[in-house]
Amino acid sequence: MSDYTPKPEHKFTFGLWTVGNVGRDPFGHPVRDPKSPAELVHLLAEVGAYGVNFHDNDLIPIDATPAEAEAIKREFRKALETTGLKVPMATTNLFSDPIFKDGAFTSNDPRVRAYALQKTMRAIDLGVEFGAQVYVFWGGREGTESDATKDPVTAIQRIREALNFLCEYVRDQKYDLKFALEAKPNEPRGDIYFATTGHMLAFIETLDHPEMVGVNPEVAHEHMAGLNFLHGVAQAWEAGKLFHIDLNDQYAGRYDQDFRFGSRDIKAAFFLVKFLEDVGYAGSRHFDAHAYRTEDYEGVKDFARGCMRTYLILKEKAAQWNADPEIRALLAEINADDGSLAPYLGPYTPQKAAALRDLPIDRQAIGRRGLLYERLDQLTIEILLGIR
Ligand code: DIG
Ligand code: MN
Ligand code: MN
């Protein structure tokens with residue numbers, strides 16, 4: 001029997017807001033009593049997590065007095081020391097308080113934009129204080145219900161100005177911190193700017209310090225946009241910009257469900273885990289998800305354990321897939337290359353172009369070739385179904 005026990009080297013993390021989710025939804029009141037940050041750290045330690053992340057106000061309520069804030073931080077730090085949990089990532093809540101009802105960095109009100117910068121600088125200080133080295137920006141309210149309200153170019157320029165300012169703040173403070181931008185196409189706004197990871201990757205290159213900024217793709221968010229999550233993650237990785245990742249699951253065409261990892265599209269989850277393990281992704285495996293509203297806190301622990309167990313089971317199946325002799329033979333045949341075309345491919349030269357123009361290629365014979373993909377995918381399914 002394999003061991004699917006989570007260990008620190010797996011780098012499984014959860015936000016305080018995930019296991020601390022009290023089950024409120026647009027149509028229902030909370031179903032679970034709130035737990036303190038310290039209690040949530042102990043819950044995560046009990047299920048075997050490596051780390052815990054937070055928004056500023058997950059840890060310190062927005063109206064806490066300085067004395068209350070210090071007491072909360074003391075308790076939280078004590079829980080971290082007792083359990084050994086780390087804080088790899090932090091972020092700012094720029095979406096709950098009414099002041100952000102029309103966005104934070106993109107608000108038409110300069111007072112809101114100023115407050116968002118102030119709040120984020122303080123939240124960055126708080127995250128660094130607890131050891132965070134990745135800082136996530138999810139612009140949940142940076143969007144519109146009507147495009148009569150804001151020029152999208154102005155919105156883009158305001159976000160760029162804010163991120164440039166905050167990159168300079170981090171450099172000024174000499175923090176060892178990098179930014180990870182998280183995309184989502186909609187909810188809570190009708191439409192959110194920079195809707196997908198691809199939008200974020202393009203935007204990062206327009207910043208003053210693009211080397212400080214990467215992405216934090218989330219499964220549910222790319223699925224909401226009808227996209228292949230692995231492809232977005234692979235593009236981020238290939239660009240050296242996969243600074244963090246939010247793992248969960250999602251039925252297409254629905255609100256942001258933030259389901260337990262692997263609970264909906266197990267095949268997509270398999271190929272994602274295979275990719276992360278194959279390329280040696282060294283970052284957090286962060287589960288930005290929450291338990292069904294039907295659950296009590298024992299159910300919340302089941303949810304957290306399930307996220308990690310499914311990841312480890314899929315990690316084992318990825319190794320099995322890589323080692324499967326029939327799959328290896330199929331891949332060798334599919335990717336057969338006798339090297340005879342190497343002189344015609346790769347970087348351009350005028351000689352290569354001339355030779356390529358005259359190269360005889362039997363288009364019809366090649367078009368008739370069967371590619372063995374049905375057999376390859378069926379073997380994949382049979383590994384996932386556990387019969388290989
Ligand atoms: C939602 O998917 C967002 C917020 O929970 C948070 O800002 C970010 C951190 O993972 N994900
Ligand atoms: Mn989400
Ligand atoms: Mn997220």
Side-chain angles (χ1 to χ4, degrees), residues 13-44 46-47 49 52-64 68-69 72 75-76 79 89-104 116 119 123 126 136-143 145 182-192 216 218-221 223-224 246-251 253-261 263-264 286-307:
T13 64
F14 293 79
L16 283 175
W17 69 92
T18 67
V19 289
N21 182 298
V22 293
R24 179 185 296 107
D25 71 22
F27 305 100
H29 302 301
V31 294
R32 294 181 286 266
D33 292 332
K35 285 186 178 294
S36 71
E39 288 172 322
L40 294 170
V41 169
H42 284 286
L43 183 153
L44 287 171
E46 180 186 341
V47 299
V52 60
N53 307 313
F54 57 78
H55 300 82
D56 49 349
N57 299 138
D58 299 332
L59 185 60
I60 298 173
I62 198 165
D63 292 321
E68 288 165 342
I72 291 167
E75 283 306 301
F76 184 62
M89 180 272 275
T91 183
T92 324
N93 187 321
L94 294 175
F95 44 85
S96 294
D97 192 89
I99 192 173
F100 297 127
K101 60 192 174 188
D102 185 32
K119 192 173 195 284
L126 182 64
V136 164
F137 289 81
W138 172 62
R141 296 280 180 199
E142 311 296 9
E145 285 70 43
E182 177 173 342
K184 187 177 179 182
N186 58 70
E187 190 202 359
R189 296 308 296 267
D191 293 291
I192 298 179
N216 176 45
E218 177 172 314
V219 175
H221 301 176
H223 283 190
M224 286 169 73
D246 276 2
L247 302 174
N248 54 24
D249 217 339
Q250 173 77 27
Y251 281 74
R254 291 167 172 79
Y255 65 93
D256 187 6
Q257 295 174 308
D258 293 338
F259 280 155
R260 184 181 78 255
F261 179 64
S263 63
R264 161 56 181 160
H286 176 233
F287 298 105
D288 186 6
H290 52 76
Y292 301 141
R293 189 165 178 267
T294 52
E295 303 306 289
D296 60 14
Y297 274 105
E298 285 312 304
V300 169
K301 294 176 197 173
D302 293 338
F303 147 79
R305 291 189 185 102
C307 285

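Along the sequence shown, the residues carry numbers beginning at 1. Fair warning: this is a prediction, and the values are worked out from it, not measured in the lab.
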Nearest non-hydrogen partners of [X] and [Y], listed with the distance:
X      : Y      : value
Ala64  : Ala69  : CB-N, 4.4 Å
Pro188 : Gly140 : CD-O, 3.2 Å
Gln250 : Ala220 : OE1-CB, 3.4 Å
Arg24  : Pro30  : NH2-CG, 3.6 Å
Ala49  : Phe14  : CB-CD1, 4.0 Å

Using modelled atom types only, decide if a donor and an acceptor are shared between the side chain of [X] and the backbone of [Y] within a distance under 3.5 Å.
X      : Y      : value
Gln257 : Tyr251 : yes
His286 : Gly15  : yes
Asp249 : Arg264 : yes
Asp296 : Arg32  : no
Glu145 : Gly190 : yes
His221 : Ala183 : yes

**OP:** May I have the step-by-step check of side-chain contact (heavy atoms from CB on, under 4.5 Å) for Asn57 and Lys119, ending in yes or no?
**Re:** CA-CA 10 Å; Asn57 299 138; Lys119 192 173 195 284; 2.6 Å; yes
Subject >> Thr13 vs Met89, side-chain contact (heavy atoms from CB on, under 4.5 Å): CA-CA, chis, key distance, verdict >> reply: CA-CA 9 Å; Thr13 64; Met89 180 272 275; over 6 Å; no
Pairwise distance [atom1]([X]) to [atom2]([Y]) - rounded to 0.5 angstrom:
X      : Y      : atom1 : atom2 : answer
Met224 : Tyr255 : CE    : OH    : 10.5 Å
Leu44  : Thr18  : CG    : OG1   : 6.5 Å
Asp97  : Arg141 : CG    : CZ    : 10.0 Å
Tyr297 : Glu39  : OH    : CD    : 8.5 Å
Arg260 : Phe287 : CZ    : CZ    : 11.0 Å
Asp58  : Phe76  : CG    : CZ    : 9.5 Å

**OP:** Using side-chain contact (heavy atoms from CB on, under 4.5 Å) as the criterion, point out the one residue from Ile60, Leu59, Asn93 that pairs with Phe54.
**Re:**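 That would be Leu59; it is the only one of Ile60, Leu59, Asn93 passing the side-chain contact (heavy atoms from CB on, under 4.5 Å) with Phe54.
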Original post:
For Arg254, does the CZ atom have more than 12 heavy-atom neighbours from other residues, nucleotides or ligands under 6.0 Å away?
Top reply: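 Buried by this count: over 12 neighbours within 6.0 Å.
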Any side-chain heavy atom of [X] within less than 4.5 Å of one from [Y]?
X      : Y      : result
Lys35  : Val19  : no
Lys301 : Glu295 : no
Pro37  : Val52  : no

Original post:
Parallel, tilted or perpendicular: which fits the ring planes of Trp138 and Phe95, with parallel below 30° and perpendicular above 60°?
Top reply: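 Because their plane-to-plane angle is over 60°, the rings of Trp138 and Phe95 count as perpendicular.
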Original post:
How are the rings of His55 and Trp17 set relative to one another: parallel (under 30°), tilted (30 to 60°) or perpendicular (over 60°)?
Top reply: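 Ring orientation of His55 relative to Trp17: perpendicular.
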Original post:
So, are Glu142 and Lys184 salt-bridged, with charged N and O less than 4.0 Å apart?
Top reply: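 No, this pair does not count.
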**OP:** Go through Asp288 and Asn248 one step at a time and tell me if the side chain to side chain donor-acceptor pair (under 3.5 Å) criterion holds.
**Re:** CA-CA 6 Å; Asp288 186 6; Asn248 54 24; 5.3 Å; no
